[in-house]
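Down below is the structure, laid out as structure tokens.
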Amino acid sequence: MVPSNAGGMRRFAWLAIAVLAGCTGRTAVTNAGRLAWTQPHVLRIGIPSDPDRLNPYLSEMDVSYDLASLVYSYLIVSDATGHLTGDLAAAVPTRSNGGISPDGRTYVYRLRRGVLWHDGTPFTAADVVASWHAVMDPRNDTFEREGYDRVTSMSARGPYEVVVRLDRRYPPFVSRFFAPLQEGGKPVLPAHVLRRNGDFNESILSSHPVGTGPFRFLSWSRGDRIELQRFDRYFKGRPKLERVELLVVPNDRSLALVLQTHGIDLLAEPSPALLDEYRSAAGVVVSTAPWNSQGALFMNSSKPALSDTRVRRAIADALPYDEILHDVARGAFRAPRNSLPPTAIGYTPLPQRHVDIARARAELAAAGYRNRALQLTLATLAGYAQFERIALLAQASLRRAGIELSIKTYAYRTIFAAPSGPIYDGTYDLALYSNTLNWDPDVYNYLACDRWYPRGQNIYRYCNPRLDALERAGLGTDDPLLRAPIYVAASRIVWDDVAYVPLYEQDRIIVRSADLRNYAPNPTATPWWNAWQWDI
């Protein structure tokens, strides 16, 4: 059973894709019924950056997740409505199908038969076991081990069954174990390739992935493109697309221009700030789909000023929420009411934040900044129109409260580089970006006192023992009726103590060629679950 998102599944079932705009202007159509510039069965995807590595275990870049979903497979995935479904696993483990033991400590994954790796080697349970060892090997620079580190043993019970035993009950396990539902999701890797490569951090998988997914890797021209080819023996059926090209265009406005001149068919990360440009492109459809994602202002609580809750509250009071929603979002954002997504158990709408400069000044004065300005630096992404605009709005509004904000932009692959980038090395004061929220409401690994990076993913260096106690209690039961009030209280602490400041909830913006068929992203960190059905 996966109780943590039962409500979310019901909600997503009726959330249809809402079309924001169609194409404008006259479009040239061929005799075959396609747009004149469409290359039949060849999809060109615009991406904002090269991945740092093609091995998804060693990266936290969205482009790496996207690529992994085209090349690799997972044990379970989410479909477009938010329901969990088997991928390499024949079914999602639950109590009712015998996949989860009554004590919540043993999981059984029954695997699909007839699955092949791209080099023709059969997929078996040994691949899942080897992948877990690759995650946990301390010599490997694996990003995010949460959940995997709860495993005490794994064994293959024949070629098509994996038995996993945990040290204690861990309700989020199914949503984290070789699942692409949130940041840090990992596919299953080939055991035979892992065996023949000595150094995992420098292995062939970082430059030439071998998967079981719908497309096999062809080439990577750094700074230019990644090319994939249809894998005819894909286990869910022969993909309709012959080839996928991921084209690197490292700037939002440049991507919009290439879209308008018909050089790409799909944007991987559209900017809401450029919706007008997208809508003006001939033969382009702009729409939205559900997404468990928030944009936020993150704070480094290890910095002396930001360790003071009064300062963090002052920053929260000084941010121009309404301006962000109206001037940047263009209808694609909503005001956040919690640090949890609305689909999570324990979600309760909290008081909506609005700018209050007088209260911000009072908080700063109480913290000792009555007669001097607080100097802070904001790190954000270069070339992303929405973040650049939000940063300028925040800078102007914070100045009114007595906070001088310097803005420093970084390339995508630099700001999130681990361990050397500013987010992970702890040199930032404030940071502005968006991320996909956990499928399960547990955030212990992200906010606990003993999970500061690199021990965990608490890159905010936040610590509140009361929150830790609640988060531990939430992991002590699988019963959603018992977990819900725990997360009501926990999320209230995150909100009131200002661990960070959610700025907006966002739908996923879809910008695609009108010729692209069967494109139906899911609401997770890795949305391309049905790429084998796409066609153009």
Side-chain angles (χ1 to χ4, degrees), residues 4 52-62 64-65 68 72 74-76 88 93 104-107 109 127-155 162-191 194 197 199-203 205-206 416-421 423-426 435-462 468 471-472 474-475 524-526:
S4 65
D52 46 2
R53 302 183 187 175
L54 301 189
N55 182 342
Y57 288 26
L58 305 177
S59 177
E60 71 138 346
M61 296 177 67
D62 288 347
S64 297
Y65 300 157
Y72 288 106
Y74 303 82
L75 288 179
I76 64 104
L88 289 172
R105 294 180 57 189
T106 301
Y107 289 74
Y109 287 89
D127 296 304
V128 182
V129 175
S131 296
W132 175 71
H133 283 291
V135 172
M136 294 307 301
D137 189 328
R139 297 170 297 179
N140 298 345
D141 295 334
T142 303
F143 173 77
E144 181 68 271
R145 293 183 169 93
E146 177 68 9
Y148 301 85
D149 58 1
R150 309 297 180 108
V151 176
T152 58
S153 68
M154 276 188 66
S155 59
V162 175
V163 180
V164 186
R165 293 185 172 83
L166 310 185
D167 58 357
R168 58 192 179 278
R169 186 187 304 275
Y170 184 64
F173 187 74
V174 165
S175 69
R176 292 190 174 166
F177 191 66
F178 298 116
L181 307 179
Q182 57 207 31
E183 308 287 345
K186 295 173 179 61
V188 177
L189 299 182
L194 293 172
N197 285 275
D199 185 351
F200 182 80
N201 301 322
E202 303 297 333
S203 74
L205 295 177
S206 287
F416 296 121
S420 59
I423 303 300
Y424 285 91
D425 72 8
N435 60 6
T436 305
L437 302 177
N438 281 359
W439 190 264
D440 188 274
D442 163 59
V443 293
Y444 188 87
N445 193 48
Y446 294 94
L447 292 176
C449 299
D450 64 350
R451 286 294 189 269
W452 285 23
Y453 180 82
R455 184 170 182 181
Q457 291 301 314
N458 186 348
I459 53 181
Y460 323 120
R461 284 82 179 171
Y462 174 78
D468 287 7
E471 291 289 331
R472 285 193 293 268
L475 294 175
T524 75
T526 309

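Separating the OH atom in Tyr65 from the OG1 atom in Thr524 is a distance of 11.0 Å, to the nearest 0.5 Å. Rounding to the nearest 0.5 angstrom, the gap separating the CG atom in Leu189 from the CG atom in Asn55 is 6.0 Å. The distance from atom CG of Asn140 to atom CG of Asp199, rounded to the nearest 0.5 Å, is 8.0 Å. Separating the OG atom in Ser131 from the CE atom in Met154 is a distance of 8.0 Å, to the nearest 0.5 Å. Considering CG of Leu54 and OG of Ser64, their distance stands at 7.0 Å, rounded to 0.5 Å. The CG atom of Asp137 sits 10.0 Å away from the CG atom of Asp141 when rounded to the nearest 0.5 Å.
Nearest heavy-atom pair across Asn445 and Arg451 is OD1-CD, 3.3 Å. Counting all heavy atoms, side chain and backbone alike, Asp127 lies closest to Ala191 at OD1-N, 2.8 Å. What you find for Ser59 and Asp52 is that their closest heavy atoms are OG-OD1, 2.7 Å.
Counting heavy atoms from C-beta outward, Leu447 and Gln457 have side chains that stay 4.5 Å or more apart. Residues Ser420 and Asp425 form no side-chain contact, since every pair of their non-hydrogen atoms from C-beta on lies 4.5 Å or further apart. Under the 4.5 Å side-chain criterion, counting only non-hydrogen atoms from C-beta, Pro419 is not in contact with Pro454. Pro172 is not listed as a side-chain neighbour of Trp439, based on a closest heavy-atom distance of 4.5 Å or more. Tyr107 is not listed as a side-chain neighbour of Val151, based on a closest heavy-atom distance of 4.5 Å or more. When side chains are defined from C-beta on, Thr106 counts as touching Val163, because their heavy atoms get closer than 4.5 Å. Side-chain contact between Val188 and Trp132: absent, with no pair of heavy atoms (C-beta onward) separated by less than 4.5 Å. Leu194 is listed as a side-chain neighbour of Leu205, based on a closest heavy-atom distance under 4.5 Å.
Side-chain atoms of Asp440 and Ser175 include no donor-acceptor pair closer than 3.5 Å. A donor-acceptor contact under 3.5 angstrom links the side chains of Tyr424 and Glu60, judged on distance only. Between the side chains of Tyr444 and Asn458, no donor N or O sits under 3.5 Å from an acceptor N or O.
A centroid separation of 6.0 Å or more is found between the aromatic rings of Tyr74 and Phe178.
Applying the side-chain hydrogen bond (donor to acceptor under 3.5 Å, both in side chains) rule to pairs touching residues 177-191 yields nothing, sequence neighbours excluded. Note on residues 168-177: pairs passing salt bridge (Lys or Arg N to Asp or Glu O under 4.0 Å), not counting sequence neighbours, are Glu146-Arg176, Arg169-Asp478, Arg176-Asp442.
In this structure, Phe177 and Tyr148 have tilted ring planes: the angle between them lies in the 30° to 60° band.
Although no hydrogens or angles enter the test, the distance criterion places no donor-acceptor pair under 3.5 Å between the side chain of Asn438 and the main chain of Leu181.
Legend: residues meeting salt bridge (Lys or Arg N to Asp or Glu O under 4.0 Å) with Asp167, ordered by chain and number and at least two apart, are absent.
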Inset, instruction - Using the side-chain contact (heavy atoms from CB on, under 4.5 Å) rule, take Tyr453 and Ile423 through it: C-alpha gap first, then chi angles, then the decisive distance, then the call. - result: CA-CA 10 Å; Tyr453 180 82; Ile423 303 300; over 6 Å; no
Inset, instruction - Would you please test Asp149 and Tyr170 for side-chain hydrogen bond (donor to acceptor under 3.5 Å, both in side chains) and show each step? - result: CA-CA 11 Å; Asp149 58 1; Tyr170 184 64; over 6 Å; no
Inset, instruction - Report the C-alpha distance between Ser155 and Val129 in whole Å, list the side-chain angles of each, state the deciding distance to 0.1 Å, and finish with yes or no for side-chain contact (heavy atoms from CB on, under 4.5 Å). - result: CA-CA 7 Å; Ser155 59; Val129 175; over 6 Å; no
Legend entry - Residues Phe200, Tyr57; criterion side-chain contact (heavy atoms from CB on, under 4.5 Å); working and verdict: CA-CA 10 Å; Phe200 182 80; Tyr57 288 26; 3.7 Å; yes
